[in-house]
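The structure appears below as structure tokens.
Below, chain A is the first sequence line, B the second, and so on; all start at residue 1.
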Amino acid sequence: METSLILQNVLTPPVLFFFLGTIAVFVRSDLEIPAPLPKLFSLYLLLAIGFKGGLELQRSGLGGLVIPTVGAAVCMSLLIPLICFVILRLKLNVFNSAAIAAAYGSISAVTFITAESFLENQNIDFDGFMVAALALMESPAIIVGLLLVKFAAPRSRAQSKRMRLREIFHEAILNGSAYLLVGSLVIGFMTANNPAAVEKMQPFTGKLFYGAECFFLLDMGIVAAQRLPSLKKAGSFLIGFAIAMPLLNAFLGVLVAKALGLGPGNALLFVVLCASASYLAVPAAMRMTVPEAKSSYYISTTLGLTFPFNIVIGIPLYMGLVNKLIPLAA
Amino acid sequence: METSLILQNVLTPPVLFFFLGTIAVFVRSDLEIPAPLPKLFSLYLLLAIGFKGGLELQRSGLGGLVIPTVGAAVCMSLLIPLICFVILRLKLNVFNSAAIAAAYGSISAVTFITAESFLENQNIDFDGFMVAALALMESPAIIVGLLLVKFAAPRSRAQSKRMRLREIFHEAILNGSAYLLVGSLVIGFMTANNPAAVEKMQPFTGKLFYGAECFFLLDMGIVAAQRLPSLKKAGSFLIGFAIAMPLLNAFLGVLVAKALGLGPGNALLFVVLCASASYLAVPAAMRMTVPEAKSSYYISTTLGLTFPFNIVIGIPLYMGLVNKLIPLAA
Amino acid sequence: METSLILQNVLTPPVLFFFLGTIAVFVRSDLEIPAPLPKLFSLYLLLAIGFKGGLELQRSGLGGLVIPTVGAAVCMSLLIPLICFVILRLKLNVFNSAAIAAAYGSISAVTFITAESFLENQNIDFDGFMVAALALMESPAIIVGLLLVKFAAPRSRAQSKRMRLREIFHEAILNGSAYLLVGSLVIGFMTANNPAAVEKMQPFTGKLFYGAECFFLLDMGIVAAQRLPSLKKAGSFLIGFAIAMPLLNAFLGVLVAKALGLGPGNALLFVVLCASASYLAVPAAMRMTVPEAKSSYYISTTLGLTFPFNIVIGIPLYMGLVNKLIPLAA
Amino acid sequence: MKRLDLIFGERELDAMLESLEKAQVPGYTVMKHVTGRGPERVVSEDMEFTGLGANAHVIIFCEEELLQKIKKNVEPLLNYYGGVAYVSEATPL
Amino acid sequence: MKRLDLIFGERELDAMLESLEKAQVPGYTVMKHVTGRGPERVVSEDMEFTGLGANAHVIIFCEEELLQKIKKNVEPLLNYYGGVAYVSEATPL
Amino acid sequence: MKRLDLIFGERELDAMLESLEKAQVPGYTVMKHVTGRGPERVVSEDMEFTGLGANAHVIIFCEEELLQKIKKNVEPLLNYYGGVAYVSEATPL
Ligand SMILES: Nc1ncnc2c1ncn2[C@@H]1O[C@H](COP(=O)(O)O)[C@@H](O)[C@H]1O
Ligand SMILES: Nc1ncnc2c1ncn2[C@@H]1O[C@H](COP(=O)(O)O)[C@@H](O)[C@H]1O
Ligand SMILES: Nc1ncnc2c1ncn2[C@@H]1O[C@H](COP(=O)(O)O)[C@@H](O)[C@H]1O
Ligand code: NA
Ligand code: NA
Ligand code: NA
């Protein structure tokens, strides 16, 4: 059954365009999407995701499963980095371990929207308030990662590099992508009661979204494939980690989703949030505060392996898992 | 009543995204929209404004209030720089005075479209031909500004810098943003009789507009907030000028609008044209022909203060003024 | 009659925006669309053309006139470079002749979509499978051009520059724009059976298309006009070639179209494919493999003269030709 | 040989290149979208979309003899609009 | 006079410019969107849209006396975040 | 130490960097989207969207000893595709 889900997933435009990008790199085509065009799409997607999520959140209200789900999501983004850290410390130093741990505790917005597209394609319902979970999982993981550095770093770390808590929170909450996502969510939330404005935003944030997602995934395909060589340098431990960790996190996620009583659609999104890893907010924060961590480690694992794995195989796999553990009747 | 209008204005997506941008600067988030993406949106908005205005102009024809209104708008853009110049000369030299005067005589297209969005939100009618007024107010103000330099500049000005009239008109009419706006207006005017073409343009120039406006205002919020420090350097005279002058121009505008017999919607747009100041066409022209003028003066006043003031407080304030002076029954 | 067709063509938004761009250069306006924004539109157009073509191809199937037409198109793109080469060798060396010949055997996607817009404006039907012909005409012309260099180049050509066949095919098939066009065609073809996905792509690849085409033609107008001076340097032989060759190719094209039994819409598109010349894929390939060819030759002829000629006069002219030779009743 | 670095407003680029051509430079290289600060002005990235334009950075490798001619041609522009010009040594690889 | 070339991560640009201002440089020129490789790290173009940021290249023309002051100010940043700084001769045109 | 400036077509960038790596340069810095004119060709901004590509500007700071090795590696590329290479003095700050 999972094989058929994987096939159905692979045959949708977003994933096909992702492949088009990766293949371009493998056959050494000179197709490229020059900077700063990817930034345009990345900013657009964050704005649109946030805005639409805010609208839905206003509609659904904060009752029902909203608060428990979002709360559980935040807890997962605090817990997952700790688990990752313990595993990573087997082979890596504190700085690298903390940076990678933070990345896996945080989320990938593009993985999330690919999962949404997958659900729509499968005609499975899900709720807009899951975007709130998405938005609120970025910062806690960064905070945990930085606290791990602060308290687990060797004594020998230069005085000048000791982080103040203020700085940690600044990087965690105010880095560009987290800020834009949360800000757009708030604006969507505030706008929801103005139906004329909502409708006028719809062509930009709604209708255009799917196509822009495809265009961006074309670029992500290129970027991910370009990362593969540096992944080889990172060694087999990290390669294994970049595949095994999403699976483990997905498994934890599906248990929590079941405990929360989420329907299959929301459950899949919850699982995908747990299983995905950040390549926007977290690297930005780590680069600034933990320069000792090798950026090639946390970028090539998240972008070169975990991201494509989730996009292509992970999402349908997790759907199979959800289908098994969370009966549709629930 | 104005307070409620201000609140209603502030709670629309364009203004909220503008705030999101300014707050990003104040809290020192690293959110940025790298060049040349803002240019993309700025070109798009000019093209779309012009095209839509041309369509409307064709539909409304040149009868009724069209010619008088556009004529009055051009007169205002000739008159306002003269008033500004007299005031500015109290403290500033000829070059700076002329450059700033030209900026305030000219217009800001984004302020104009924010006012249009405000009117739509308030369900107040207005006419598309006002875009013709917008398009025709850019050049006269530049011409007045440059003539002021030509004739009021101290004798000591180097021979090489003496401007020829030809050059003045070239800068005034053919600078990129004025040219694109007027050109698109003409194309819209010529296309209006081809309904199939109009409809096919609609998703790009029409539907997408509001969202793109929001995205651009996000950037304008960042840019405006970054201008504030250099405004402080400009001194309190210019800070006062950047707030008081739009108010004075708005007051003059509303009197003219009343005399013309404009309805409240058109009256507001007319007032906004008078009250807004240019940060695209005018700086481009001044930089080339009056390098003695400090660009930080005319950019930080228009972009750092007058623009946000108009966007946030000015538009609803002027609406209140219009409502008082121009009874809806008219 | 052609005059009226030319007029009708010239008064559509795409051509008007093209003129707006060229005029900007002639009057020395400083309007510019900075890099990499043109690249954004060029990538977008290729993706959208390919995707829509793939959808249509799936719908029409590969029966009927599809295979013969596409086959004939490929033959034309093999034949035309040979004719061009013979003519060009009268005045130019092997390298320049081969490079220009390849460009004229290949196609211009923007000319093609302008022809489509023209047909829609004239309410003349055409088939989506013509995009397959478009996509498959890029590579053969490049291959012929490179083979001409390989076998006709003087013995004195440095050993290091001898091309291997592998390299030739790589450049011909995998250069960015050919790859993206064909890849999107395949994705469209694979997606066509998923109506939900097709519909979600529609706002991006369908609705937005016409406006984006206009925006891009504005830039093409600027670029084409900037090329004119270097065209003058290229001399009158090349200037004549850049006008006469499209006419000759169009004439050949219309004969083939008649022989194939194509309807007037498809016939025009077929003719336009023959008559247009490449300024994307071919220059990219030639730059890499035949650096001896003067890039200013093949760029200024295709972009500075043939492209505007086709856009403005060629398309309606060819339509007149088609109307004469292919009676509508057919 | 010499290397000349010119940094000035992007909007004067055409005029500057024209005057370099008049001095018959053997070639030049242009980088746009450059920002910076001089003694008087700050040129920031947002100037690219406002009408002001950012800076351009032009590099010319040429023989020492040419420098005087270039100087004569570009000095008026630099004096009028602002900008800097510095010369260093350079030898072909 | 001297020419100083600084190449480092774009995200440290603000801090770097601040420390240059503190050293009272007469001006500077900034090029962003620069990529490269150092002894340890590769900075590629895709880093512009991920959070890492590409490099910035800063050029300063100044008197030799100023160099020590600049060095004192920028060295901590270069040591912490990485980056290179090289000095060459330059004379005004 | 030395500073090497290479300016050549963007499309040859990968090949050029590969040959620099083979010469074991300690690092390099790349600026793309560069335009210019050489003795034969003009490279203008619109070449970025046509297939031709603009120029790239590569800077390498290295020891003098390395220059010969670099020269051997990059010369074939420069001769085949065009481009310039100049060396100047540079000392670490
Ligand atoms: N001392 C300097 N070092 C490096 N660049 C400078 C220096 N002074 C000025 N510039 C550059 O030259 C541009 C124009 O200078 P100015 O007209 O003097 O403001 C500035 O925006 C800087 O990019
Ligand atoms: N030897 C070098 N020559 C030129 N640029 C260099 C060199 N070493 C480092 N860089 C540049 O400086 C940046 C930061 O260097 P690093 O922190 O040492 O990795 C690199 O990304 C390169 O752009
Ligand atoms: N004398 C020069 N000074 C500065 N840049 C040059 C010079 N000659 C050539 N270039 C640059 O090198 C590129 C390639 O040169 P070429 O292959 O000789 O046309 C040109 O596009 C310029 O950007
Ligand atoms: Na996660
Ligand atoms: Na005004
Ligand atoms: Na052709």
Side-chain angles (χ1 to χ4, degrees), chain D residues 1-36 43 45 47-49 53-67 69-70 73-74 84-93, chain F residues 2-10 16 19-20 23 25 28-48 54-62 64-79 82-91:
Chain D
M1 285 183 76
K2 295 287 180 182
R3 169 198 172 118
L4 171 63
D5 284 279
L6 295 165
I7 302 167
F8 53 87
E10 219 170 62
R11 295 181 61 89
E12 287 91 62
L13 183 58
D14 285 346
M16 191 63 92
L17 292 182
E18 214 170 280
S19 72
L20 288 173
E21 292 292 8
K22 273 195 197 127
Q24 291 175 297
V25 296
Y28 53 78
T29 293
V30 180
M31 280 164 274
K32 288 173 76 176
H33 315 294
V34 172
T35 56
V43 175
E45 205 171 337
M47 294 200 176
E48 292 214 344
F49 94 89
N55 285 332
H57 178 187
V58 173
I59 303 172
I60 298 139
F61 296 105
C62 64
E63 300 297 337
E64 182 156 12
E65 295 81 68
L66 209 62
L67 286 181
K69 210 168 160 191
I70 296 178
N73 281 13
V74 305
V84 296
Y86 285 90
V87 180
S88 17
E89 287 297 321
T91 42
L93 177 68
Chain F
K2 296 287 181 182
R3 167 198 173 120
L4 170 62
D5 284 278
L6 296 165
I7 302 167
F8 53 88
E10 219 170 63
M16 191 64 92
S19 73
L20 288 173
V25 295
Y28 53 79
T29 293
V30 180
M31 279 163 275
K32 287 172 77 175
H33 315 294
V34 172
T35 56
R37 183 179 71 67
E40 300 209 351
R41 266 167 302 196
V42 181
V43 175
S44 56
E45 205 171 338
D46 52 44
M47 295 200 177
E48 292 214 344
N55 285 333
H57 178 186
V58 173
I59 304 172
I60 298 139
F61 296 105
C62 65
E64 183 155 11
E65 294 81 68
L66 210 61
L67 286 181
Q68 279 318 307
K69 210 168 160 189
I70 296 178
K71 182 173 178 167
K72 222 195 64 203
N73 283 13
V74 306
E75 224 165 32
L77 282 169
L78 293 177
N79 289 344
V84 296
Y86 285 90
V87 179
S88 17
E89 287 296 321
T91 41

* Heavy-atom proximity to chain D below 4.5 Å, by part of F:Glu45 -> side chain
* **Interface moiety of F:Leu67 toward chain D, non-hydrogen atoms closer than 4.5 Å** => both
* Structural part of D:Pro92 lying under 4.5 Å from a heavy atom of chain F -> both
* **Members of residues 54-61 of chain D whose heavy atoms come closer than 4.5 Å to chain F** => D:Ile59, D:Phe61
* Using heavy atoms and a sub-4.5 Å threshold, report which of residues 12-25 of chain D line up against chain F, by residue number. => D:Glu21, D:Val25
* **Sub-4.5 Å side-chain heavy-atom contact between D:Met31 and F:Met31** => yes
* Asked: How far apart are the closest heavy atoms of D:Arg3 and D:Asp5, and which atoms are they?
  -> NE-OD2, 2.8 Å
* Rounded to the nearest 0.5 Å, how far does NZ of F:Lys71 lie from CG of F:Leu4? -> 11.0 Å
* To do: Let me know if F:Val74 has heavy atoms under 4.5 Å from chain D in its side chain, its backbone, both or neither.
  => side chain
* Closest non-hydrogen atom pair, D:Val43 against D:Gly53 -> CG1-O, 4.2 Å
* Ignoring hydrogens and angles, tell me if any N or O in the side chain of F:Glu10 forms a donor-acceptor pair with the backbone of F:His33 under 3.5 Å. => yes
* Asked: In Å, rounded to the nearest 0.5 Å, how long is the span from NZ of D:Lys2 to OG of D:Ser88?
  -> 8.5 Å
* Closest approach of F:Ser44 to F:Asp46 (non-hydrogen atoms, all atoms of both residues) -> OG-OD1, 3.0 Å
* Starting at OH of F:Tyr86, measure out to OG1 of D:Thr91 and round the result to the nearest 0.5 Å. => 9.5 Å
